[in-house]
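Remarks on the structure that follows.
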Amino acid sequence: MSRLDPAQIESKWQTAWDEAGVFLAKHDPAKPKYYVLEMFPYPSGRIHMGHVRNYTMGDVIARYKLAQGFSVLHPMGWDAFGMPAENAAMERGGHPKTWTYDNIADMRGQMKPLGLSIDWSRQFATCDPEYYGQQQAMFLDFMEKGLVYRKSAVVNWDPVDMTVLANEQVIEGRGWRSGAEVERRELTQWFFRISDFSEELLEAIDGLDSWPEKVKLMQRNWIGKSRGLQFAFSFVEAPEGFDRLEVYTTRPDTLLGASFVAVSADHPLAKYLERHDPKIAEFVAECRRTGTSEEALETAEKIGFDTGLKVRHPFDNDWELPVYIANFILMDYGTGAIFGCPAHDQRDLDFARKYRLDVIDTFVAAEGGTPVGDVAFVPPKTERVKWLKNFAWDEMATGEEAIYAAIADCESKGVGHGVVKYRLRDWGLSRQRYWGCPIPVVHCADCGVVPEKRENLPVLLPDDVSFDKPGNPLDRHSTWRDVACPKCGAPAKRETDTMDTFVDSSWYFARFTAPHAAAPTDPVEAEYWMNVDQYIGGIEHAILHLLYSRFFARAMHICGHLPAKAKEPFDALFTQGMVTHEIYVTRDERDRPVYHLPEDIVWTESGATLGRTGARVEVIPSAKMSKSKKNVIDPENIIRQFGADTARWFILSDSPPERDVEWTSAGAEAAFRHLSRVHRLAAEIAESTAPASAEDPELARAMHKAIHEVTMGIETFGFNKAVAKLYEFSNTLQRSGAGAQAKREAVRAMAQLMSPMVPHLAEEVWAMLGGEGLVTVAPWPKADPAMLVEDTVTLPIQVNGKRRSEITVPKDMATEEVEKLVLEDEAVARALAGAPPKKLIVVPGRIVNVVI
RNA sequence: GCCCGCGUGGUGGAAUGGUAGACACAAGGGACUUAAAAUCCCUGGCCUUCGGGCGUGCCGGUUCAAGUCCGGCCGCGGGCACCA
C-alpha cells in the first residue's frame, strides 16, 4: 500500500486542473455566477501564513461554489505600487520596477503550490501601464464630473527626505526614515470629494447585511455624523472685513454657560490678526510648529492667546465674551471656531482655569451645592437631570431633549440653524513619490491645470530615474517633466505628484471582470460579474480601503464605468483573524526583551531555557508573526515538509476563521497524520475484496449527516466546524463494519466534502475509488432529508432541570406514552418518592423535564 | 474620555433557551515491536458515603429549563479621539 506523498500527488493534480482549465472564469449567461475575492497582496517578495489563511478560505468558497455549478470568478493580482519598492531602491540600489516584478514572480511561485483555484489568466499588477493608464483615464473622468479638485492643505513635511509624511510616519515629531524634525507645510494637493458622499455612504451601510457588524460600526464612526447648531457671534468692535464669527456646537443646551470664544490658528481671523500684531504672529507660528501626529497632539499643552476682541452673547447684547486663538481647535471641523462652556466641558474648563475665565454653572450639577471645581459636569444625553438655566425645555429633561429644544428655540429666535456635520474629510491623494500612478495633468502658466489628452494616456513613469538624492525623482527628471501644454502648446510642466496607492486598490475588483478591456471596465462583463459575492481580507482594512472602494464604485457609476447595482461593490464581507505563533523571550541587562529562535531553546522539566547560557526563557503564545520577534513560519517550508493540503487543513481547523489562530508544529503534524489516515483508509477500502454486501443504513445516515453538516459549515464560514464534522465522519467510517459497496460510496462522499479544503488529497482519493472525472467539478452532494432523521430518539430526562436519566423511544411516539414511560423510569420514581409530579414537560424529540 | 466585542477543561474550541465540554491538541495508560519510529485501543471537569452534590469570570433576575435572555459588577481585547 502506498504512503501519502504530498509532493507527488499535489503537483500531479495541479497539472490536471491546469490542463482541464477548470478555474478559467467563463462568462456563461446560462449559469448563475459567483465572484470570490481575497484582498490582493502587496508584492513584498514573500508570502506569509496570513496569505495562506486568506487565500485558503477564499479557495474553499470558490471550490464549493464551483462544485455547486456556479460560474466562478476567483482572480488574483498585485497591489504593486508603494514606498517599499522605493526604499529597496534607495537601500540596495536597483530599480523599483525590477524589484516589484521580481517579487511578483517569486510570490506567484510560492503561491502556486498551494493549489488555489485561481484564474491566473486574469492576473495583473497595479503598476502595469495597462492598469494605471485606465486609472488615469478614470481620473480625467472624475475631473470632468467634479469628483476631484485641488486645494491647499497642511501636511507633515520631512525637510531631509523632501517628502510628505503620513501621520503614522511621524515618530516623536521626527520623520521615520530621516529622523529630521517634521514641519507643517501648506501644499496644494489633489482631493477626491468623498465627503460629498458622507450621507449616502452612511445610509447605505444599513443595507450591507452580510458585512460584520464591527466593520459597519467602524465605518459609521469614521463618517462621524453629528447634529448641532451653527450660529454667529457679533463683534463688539468688528475687525476689518469680519462681520460676525460663525461657530458650531453639538451642545447648544450649554449656551447659557458660555464664557469665551476661541478660533483655530488657521482661522481667517487668526490669519488677519497675525498680519497686524507681531505677538499674535508669534503665537500662531508656535501653534503651527506643533506636528499633526497623534503623539504631538497628546503631549502638546493646550494654549491660547487673548486677541483682545470681544463678541456679544446671542441672547444678551450686554454679555461680552473674550475671543482667543487656541492651538487645539481644528480648522477643518465645523467652522474652525467654538464657544467655550467651562462648567460642562472638561477641556473648556481646563482652559478657563488656566486663563482665569468665568465658569458659569447652568446646572449646579450637584444640587447639594458643590460648584464646579476641576471636573466639568457633562449633561448626560439620555438621563433626566435638573437644569438650573434652561431656556426652552423642562427643568427635568435629558441632554438629548435639551439639545433638540435648544436648536428649535435658537432657530425661532433667528440665532443660527440646526446643521448636520460629518467627521469624514475629503481624501487627499497626492503623494510626492516616484513609484505610483502619475496624475495625468499638466501645469501651464497661461492655461492653469490642463488634463492630459486622452490619446496620450497612459502617462508612463520614466524608467531612467535615480534614488541617490532625496525627494521625488520625477521632480528632477526634466525631459519627463517639461512638456508642451496640451491646450496651448506653450512650455509647461507635468504634475509630478503620483496617486496614493489606496486609489489603485479602490477599483481593482472591477478591473478583474475585464482585465484587458480598452476602457476601465467592459459594461457587459461588469454587468455579469459584479458584485463581488464574497470579499475576504484582514480587519485592518475595515475603514480606509473599504470606504474608499465604496466611494470609488459610486464615482465609477457616475462616470458610466459600473452599473448602479455595483454602487455597493461587495455583497458580503468576511474579515479573518491573524496567524500567530509563540515567541521566546529573555531580558537584557536593561530589561529590554530579547527574542530567540525556536532552535535555540532547550526544553527542560522546569521549563524553557536558552541552549548555551541556560537562561530561563519566557514562552509567550499567540504573538503576531514578525521578523523581529523571530517567530515567522515560512509557508514554503511547511509545504515542503507536509504538503499544501496539510497547511490548508491545519489553518482551517480548530479556530473560527474570524479569530486569531495559533500555528503550532504539533497541530501541523496532527493534521498531516489525519490526512495520511484518510489516504490509508481510502486505499484499504479501494483495494478491499470483501463482498459487496447489502447497504448499511447506519453508515448511509452518517454520510448524509456529514453532507448536511459540512455544507452548513462552509455556507456559514464555520470551517473549523466543517473540519470537525469530517473528523467525525472519518472516525465513523473507519469503525464501520459496513460492506465494501457502502464504504466506497461513503469515501467518495468524503472526498467530495473534503475537496474544497484539501483538494489534492480529495482528487487522489476520488480517483482511487473510481470517481468519474475530477472531484473538483463533480456536482456537490446533496443530503437526503429523510436520511437525517433517526427512527428512534434518545430523550434525556431531567428532574427539576437536572439530567437524571434517559429513554430511547420511536421518534414519533405520542406524548402521553412518553409521559407514561418517564414516570416508570427508575431514577424518576426515586426522585418522586411516590408523590405525583407538579408538572411534566415533554418537548417532542428533544427533552423531558419532570418538575417536583 | 467615547463606542464596540469577548470571558466555557491543561490548550484551541463545540453547543436553534433543551444531555455543557462535539472535534482536535497536549497528557496518562495499554497493545504491537528485541527496541524505536509508525500504527491501533483505552482514560479523563471537580467532589462523592456511588444516592448524589458542584461546575461556562462574579452577583442577582426571568424561565419547567440559562454558557445562551435581562440588570449590575470584575477582567481582557479592539476601534476612534484636541471632532467643539
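Letters go in sequence order (proteins before strands), and every chain restarts at 1.
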Suppose you measure atom P in B/G21 against the same atom in B/C46; what distance do you get, rounded to whole Å? 14 Å

Would you say the side-chain atoms of A/Asp825 and A/Ser805 include a donor-acceptor pair closer than 3.5 Å? yes

With heavy atoms under 4.0 Å as the rule, sort A/Pro656 into base, sugar-phosphate or nothing. sugar-phosphate

Any salt bridge linking A/Arg830 with A/Glu826? Criterion: basic side-chain nitrogen under 4.0 Å from a carboxylate oxygen. yes

Hey, what's the ring geometry for A/Phe719 with A/Phe717, parallel, tilted or perpendicular (30° and 60° as the breaks)? tilted

Compare side-chain N and O positions of A/Arg830 against OP1 and OP2 of B/G52 and report whether any pair is under 4.0 Å apart. yes

Before accepting this row, confirm whether a basic side-chain N of the pair A/Glu199/A/Lys225 lies closer than 4.0 Å to the acidic partner's carboxylate O. yes

When the P atoms of B/C58 and B/G75 are compared, how many Å lie between them, rounded to an integer? 15 Å

Taking protein heavy atoms under 4.0 Å as touching, what does nucleotides 23-32 of chain B look like 5' to 3' if B marks base contact, S marks sugar-phosphate-only contact and - marks none? SSSS------

With a 4.0 Å cut-off on heavy atoms, is A/Lys721 in touch with a base, just the backbone sugar-phosphate, or nothing at all? sugar-phosphate

Scan A/Arg220 against the nucleic acid and name what it touches under 4.0 Å (heavy atoms): base, sugar-phosphate only, or nothing. nothing

A/Asp426 meets the side chain to side chain donor-acceptor pair (under 3.5 Å) criterion, sequence neighbours left out, with A/Tyr149, A/Ser195

Mind checking side chain to side chain contact (heavy atoms under 4.5 Å, CB included) for A/Ala402 and listing every partner two or more places apart, or none if nothing turns up? A/Asp253, A/Trp387, A/Trp393

Determine the Euclidean distance between corresponding C1' atoms of B/A26 and B/A15; express it in Å to zero decimal places. 23 Å

Shortest non-hydrogen contact from A/Ala746 to A/Leu733? CB-CD1, 3.7 Å

Does A/Arg846 contact B/U16 through a side-chain donor or acceptor facing the base, at a distance under 3.5 Å? yes

Is the closest basic N to carboxylate O distance between A/Arg220 and A/Asp206 below 4.0 Å? yes

Just to confirm, is there a sub-4.0 Å distance from OP1 or OP2 of B/A84 to any side-chain nitrogen or oxygen of A/Tyr333? yes

Side-chain atoms of A/Arg347 come closest, of B/G52, B/U19, B/A84, to B/A84

Sticking with atom C1', work out how far B/G52 lies from B/C59, rounded to a whole angstrom. 27 Å

Specify the separation, in whole Å, of atom CD of A/Gln230 and atom C1' of B/C83. 14 Å

Quick check on contacts: within residues 708-716 of chain A, what sits under 4.0 Å from RNA chain B by heavy-atom distance? none

For the residue pair A/Phe233 and A/His313, does the interplanar ring angle fall in the parallel (under 30°), tilted (30 to 60°) or perpendicular (over 60°) class? perpendicular

Reckon A/Leu726 touches a base, only the sugar-phosphate, or nothing at all at heavy-atom distances under 4.0 Å? nothing

Using atom P of each nucleotide, how far apart are B/C41 and B/G7 to the nearest Å? 34 Å

Can you tell me how far P in B/A24 sits from the matching atom in B/C40, rounded to whole Å? 12 Å

I'd like to know if A/Arg251 pairs up with A/Asp345 as an ion pair, taking the criterion as any Lys NZ or Arg NE/NH1/NH2 lying under 4.0 Å from an Asp or Glu carboxylate oxygen. no

Quick tally for nucleotides 54-72 of chain B: nucleotides whose base has a protein heavy atom under 4.0 Å get B, sugar-phosphate-only ones S, the rest -, giving S---------BS-------

Interatomic distance at P, B/G77 relative to B/C69, whole Å: 23 Å

Residues in side chain to side chain contact (heavy atoms under 4.5 Å, CB included) contact with A/Ala153, at least two apart in sequence or another chain: A/Phe191

Hey, is the side chain of A/Arg735 pairing donor to acceptor with the base of B/C40 inside 3.5 Å? no

Taking only nitrogen or oxygen atoms into account, show me every contact under 3.5 Å that the protein makes with nucleotides 78-80 of chain B, one pair per line with its distance.
none

For the side chain of A/Arg659, starting at C-beta, report the closest nucleotide among B/A84, B/U19, B/G13. B/G13

Where each pair must be Watson-Crick or G-U wobble with both distances under 3.5 Å, what dot-bracket representation of RNA chain B is obtained, with crossing pairs in [ ] and other-strand partners as |? (((((((..(((.....[....))).(((((.......))))).(((....)))..(((((..]....))))))))))))....

Side chain to side chain contact (heavy atoms under 4.5 Å, CB included) partners for A/Ala542, two or more places apart: A/Val215, A/Met218, A/Ile539

Can you tell me, in whole Å, how much space there is between the C1' of B/G67 and that of B/G55? 11 Å

Nearest to the side chain of A/Pro796 - B/G51, B/U19, B/C83? B/U19

Indicate the ring-plane relationship of A/Phe351 and A/Tyr355, choosing parallel, tilted or perpendicular according to the 30° and 60° boundaries. tilted

Reckon A/Ser653 touches a base, only the sugar-phosphate, or nothing at all at heavy-atom distances under 4.0 Å? nothing

Assign A/Asn720 to base, sugar-phosphate, or nothing according to its heavy-atom contacts below 4.0 angstrom with the strands shown. sugar-phosphate

How are the rings of A/Phe283 and A/Phe305 set relative to one another: parallel (under 30°), tilted (30 to 60°) or perpendicular (over 60°)? tilted

Test of understanding: with side chain to side chain donor-acceptor pair (under 3.5 Å), list the residues that count as partners of A/Tyr548, not counting sequence neighbours. none

My understanding is that only residues two or more places apart in sequence, or in another chain, count here; which of them pass side chain to side chain contact (heavy atoms under 4.5 Å, CB included) with A/Thr250? A/Ser226, A/Tyr248

Restricting to pairs with a member in residues 668-678 of chain A, which pass side chain to side chain donor-acceptor pair (under 3.5 Å), not counting sequence neighbours? none

Tell me if B/G9 is syn or anti. Syn = glycosidic torsion within 90° of 0, anti otherwise. syn

